[in-house]
*Asks:* 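Quick one: the structure is below, questions incoming.
By convention here, the first residue in the shown sequence is residue 1.
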Amino acid sequence: MFASPVETDIAPSGTLLGLLQRGRGDGALHALAAPRAEAVSALEHCVLHDPRPDWRLEHRSLYYARLYVDLRAGLGGIEHHLFDPADGLAAATADDRADGTGHAAAPRADEIAEERTGLALSVLGHLVSYGDRHALALLRRYAADGANWRWALDELAVRDDDAGLRALGPAILARFPRTDSGDAALARAVRDAYEPRPWRLWAEDSARPGQAARIDRAREDGDFGRWRRQLRSPGPRPGWGVPAVLAWVQEGHDAVPPVWREAPAARCLAATAADEDRPLLLETAATGTPPVRAAALRHLAERQDPAVLPLLEAAADDPDPDLAASAAGSFARMRGAAALAAARRWAAREDRVGAAAATLLAHRGGDADAGAVHTALRRAVRLGGPDTDVLPPLVDGVGRLGVRAAAPALRHVYRETASSALRGRAALALEAADPFFASGLAVECLWDCEEDTREVAARAATSCDARVADRLRRLAADPAERDGVQTAVRGRLAGA
């Protein structure tokens, strides 16, 4: 019935390592029951080799930090990983990022450092919240010496005391030589700091007046640079008409590297296009170059223009992959009776148009469309596996429509996907579609890595399982737990 998982670095879901890599609640429960050495080894592998498909969207750090506490695991592996010679090589490359004009070069070195150490640093941050002094010492040392020092500094900014942060000031500023390029890099660092607290403390440090003066100059340079960039902005200006906006789109695509301006151009067209511009936009949507065509199609789709439907269908079959994906996405965002009627005609197609039609029905269809959305979900899992990019809206759709027949497919996605974000959506859909969710997967979800998934479980998990009440009490008392989860947990405990 289902496709085999695509070959990845993620272990099978039936293994302890595979469960921990996915961040599943069952992974935490199995780790606590497994031999300690085996559990610690699997946990350390996950922290040192980030398994997340997209670290910006998925969470593992609190999940792994809790396991470090529960397993009483040492931090030697993390320490060796952070201060490996490979990190020094990344630091040396990152120090050369600024070119002779003071502009940043391609941020490849920083991205490598983030991918290599970001998860480990986040785990250390949570361990500091649990009172681990060794984790605090490692973060301070890495902020002073490591390549990914910005990440470590952000972790310390919300957890360390003022004295600890002030002591780091000289080491951080020593990273920026007193040259034009070094001063420009410092101005960017101050301007782009995610957590401004350390920079404020260093600027107010009366014991180091030279340091304070340098940070004040960097702030002034950053403000001046921002003002200068705003004056020289190459973007749309008041008075631009539709032709100028479309020319700006093509100019971005012709740049090196090319810039796809579909979304900002659609917003500009919404402000500038008038009724008399409709013929030009329709012609552009039919015959323009791919980037300009995509912008026109998106604008017309957002205006719910009925004439755009055949143009979207044709563009979704275009050999240009960017245009085809853009057209499908524009159609999926449409509303109204004409778009729904087209979606019902196209939903059975096993191509990009069919996927977009099923997505629209999942978002906006009624009870009569439940079967089509369920069929599209099964087809997507069968053809693309549990991590195909068309699954999230279909999972949401069968949950919104309460399609009970979809429970087996949802359970498969929940167990097999490598994405904890998608697993959370599957859990929410199962809450609506699976009558056995409360006594089954909801219990496991109380240990899940994702906040939203734990919140679903806090609402739904049966109180008949002895583990549930104890876990709810632990979550309620955990200072690192998120507010949404604690609100749901306390509601359950108050009701009990």
Side-chain angles (χ1 to χ4, degrees), residues 2 5 8-47 49-53 58-71 73 119 123 381 385-387 395 407-431 433-434 436-475 478 481 485 489:
F2 299 116
T8 67
D9 292 332
I10 305 298
S13 62
T15 64
L16 174 60
L17 178 59
L19 290 169
L20 290 177
Q21 287 175 318
R22 289 167 171 80
R24 279 184 54 183
D26 245 9
L29 294 171
H30 279 66
L32 296 174
R36 182 173 174 277
E38 177 187 348
V40 170
S41 175
L43 172 61
E44 199 168 79
H45 182 278
C46 293
V47 173
H49 305 87
D50 192 343
R52 293 171 293 180
E58 303 195 7
H59 307 93
R60 296 286 192 283
S61 54
L62 179 57
Y63 173 84
Y64 293 143
R66 283 171 168 164
L67 281 172
Y68 266 90
V69 173
D70 291 340
L71 295 171
L119 179 57
V123 169
V381 174
D387 288 300
V395 167
L410 290 173
R411 292 192 205 106
H412 175 78
V413 171
Y414 175 96
R415 292 189 176 102
E416 298 299 331
T417 180
S419 167
S420 57
L422 178 55
R423 184 176 64 251
R425 299 171 89 147
L428 186 61
L430 283 165
E431 182 185 18
D434 185 0
F436 303 105
F437 176 69
S439 58
L441 293 176
V443 176
E444 171 194 336
C445 288
L446 286 170
W447 282 263
D448 197 86
C449 68
E450 292 291 339
E451 171 188 354
D452 292 343
T453 309
R454 296 195 300 276
E455 186 175 342
V456 170
R459 294 194 309 264
T462 178
S463 56
C464 297
D465 192 311
R467 297 172 296 176
V468 170
D470 179 66
R471 182 61 175 171
L472 291 174
R473 285 191 290 268
R474 289 195 63 180
L475 292 176
D478 191 330
E481 187 51 86
V485 178
V489 166

*Asks:* Ignoring hydrogens, what is the shortest heavy-atom contact between Leu71 and Ala31? Give both atom names and the distance.
*Replies:*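 Reported closest heavy-atom pair: CD2-O, 3.8 Å.
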*Asks:* In Å and rounded to the nearest 0.5 Å, what is the CG to CZ distance from Leu19 to Arg415?
*Replies:*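 Answer rounded to 0.5 Å: 11.0 Å.
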*Asks:* Mind listing the closest non-hydrogen atom pair of Val489 and Ala458 along with its distance?
*Replies:*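 Heavy atoms of Val489 and Ala458 come nearest at CG2-CB, 3.8 Å.
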*Asks:* So which heavy atom on Cys445 is nearest to which on Ala457, and how close?
*Replies:*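 It is CB-CB, 3.4 Å.
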*Asks:* Side chains of His45 and Leu17: closer than 4.5 Å at any heavy-atom pair?
*Replies:*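 When only atoms from C-beta onward are counted, Leu17 and His45 do touch, with a gap below 4.5 Å.
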*Asks:* Answer yes or no: is there a donor N or O on one side and an acceptor on the other, between the side chain of Glu444 and the main chain of Arg24, under 3.5 Å?
*Replies:*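 Pair absent, no side-chain N/O of Glu444 close to backbone of Arg24.
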*Asks:* For residues Asp434 and Tyr414, determine if any side-chain heavy atom of one lies less than 4.5 Å from a side-chain heavy atom of the other.
*Replies:*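 No, every pair of side-chain atoms sits at 4.5 Å or beyond.
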*Asks:* Does Arg474 have more than 12 heavy atoms from other residues, nucleotides or ligands lying within 6.0 Å of its CZ?
*Replies:*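 No, the 6.0 Å shell around CZ holds no more than 12 heavy atoms from other groups.
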*Asks:* Could you state the interatomic distance from CG (Leu16) to CG (Leu29), rounded to the nearest 0.5 Å?
*Replies:*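 Here the interatomic distance stands at 11.0 Å.
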*Asks:* Where do Ala426 and Val413 come nearest, in terms of heavy atoms and distance?
*Replies:*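 For Ala426 and Val413, the tightest heavy-atom pair comes out as CB-CG1, 4.4 Å.
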*Asks:* In sequence, state the C-alpha distance, the side-chain angles, and the governing distance for His59 and Glu451, and then conclude on side chain to side chain contact (heavy atoms under 4.5 Å, CB included).
*Replies:* CA-CA 8 Å; His59 307 93; Glu451 171 188 354; 6.0 Å; no
*Asks:* Could you check His412 against Val381 for side chain to side chain contact (heavy atoms under 4.5 Å, CB included), going step by step and ending with a plain yes or no?
*Replies:* CA-CA 9 Å; His412 175 78; Val381 174; 3.6 Å; yes
*Asks:* Do Leu446 and Arg467 come close enough that some side-chain heavy atom pair is under 4.5 Å?
*Replies:*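 With C-beta onward as the side chain, the pair stays apart.
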*Asks:* Quick one: list whatever passes side-chain hydrogen bond (donor to acceptor under 3.5 Å, both in side chains) with Arg454, sequence neighbours left out.
*Replies:*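 side-chain hydrogen bond (donor to acceptor under 3.5 Å, both in side chains) list for Arg454, sorted by chain: Glu481.
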*Asks:* Using side-chain heavy atoms (C-beta onward) and a distance below 4.5 Å, is Asp465 in contact with Ser439?
*Replies:*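 No. Closest side-chain heavy atoms not under 4.5 Å.
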*Asks:* Do the non-hydrogen side-chain atoms of Leu119 and Pro51 ever get within less than 4.5 Å of each other?
*Replies:*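 Yes - at least one pair of side-chain heavy atoms lies under 4.5 Å apart.
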*Asks:* Among Leu428, Leu441, Asp448, which one satisfies side chain to side chain contact (heavy atoms under 4.5 Å, CB included) with Thr453?
*Replies:*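 Of the listed options, the one satisfying the test is Asp448.
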*Asks:* Does the pair Cys449 and Glu58 meet the rule for a side chain to side chain contact (heavy atoms under 4.5 Å, CB included), with working shown?
*Replies:* CA-CA 9 Å; Cys449 68; Glu58 303 195 7; over 6 Å; no
*Asks:* With a 3.5 Å distance limit and no angle check, can you tell me whether Arg66 reaches the backbone of Leu62 through a side-chain donor-acceptor pair?
*Replies:*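 Here the side-chain-to-backbone pair does not exist.
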*Asks:* Side chains of Ser420 and Arg60 only: does a donor on one sit below 3.5 Å from an acceptor on the other?
*Replies:*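 Ser420 vs Arg60: donor-acceptor pair found between side chains.
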*Asks:* How close do Ala460 and Ala438 get, heavy atom to heavy atom, and via which atoms?
*Replies:*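 Nearest heavy atoms, Ala460 then Ala438: O-CB, 3.2 Å.
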*Asks:* First locate atom OG of Ser419, then atom CZ of Arg22, and finally report the distance between them rounded to the nearest 0.5 Å.
*Replies:*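 The CZ atom of Arg22 is 11.0 Å from OG of Ser419, to the nearest 0.5 Å.
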*Asks:* Enter the distance from Asp50:CG to Tyr64:OH here, rounded to the nearest 0.5 Å.
*Replies:*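 The distance works out to 7.5 Å.
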*Asks:* Is Leu430 close to Arg411 at the side-chain level, that is, under 4.5 Å between some pair of heavy atoms?
*Replies:*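 Yes - at least one pair of side-chain heavy atoms lies under 4.5 Å apart.
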*Asks:* Where do Arg423 and Gly23 come nearest, in terms of heavy atoms and distance?
*Replies:*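 It is NH2-O, 3.1 Å.
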*Asks:* Once rounded to the nearest 0.5 Å, what's the spacing between atom CG of Leu20 and atom OH of Tyr63?
*Replies:*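 It is 4.5 Å, given to the nearest 0.5 Å.
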*Asks:* First locate atom CG of Leu422, then atom CD of Glu450, and finally report the distance between them rounded to the nearest 0.5 Å.
*Replies:*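 So the gap between those two atoms works out to 11.0 Å.
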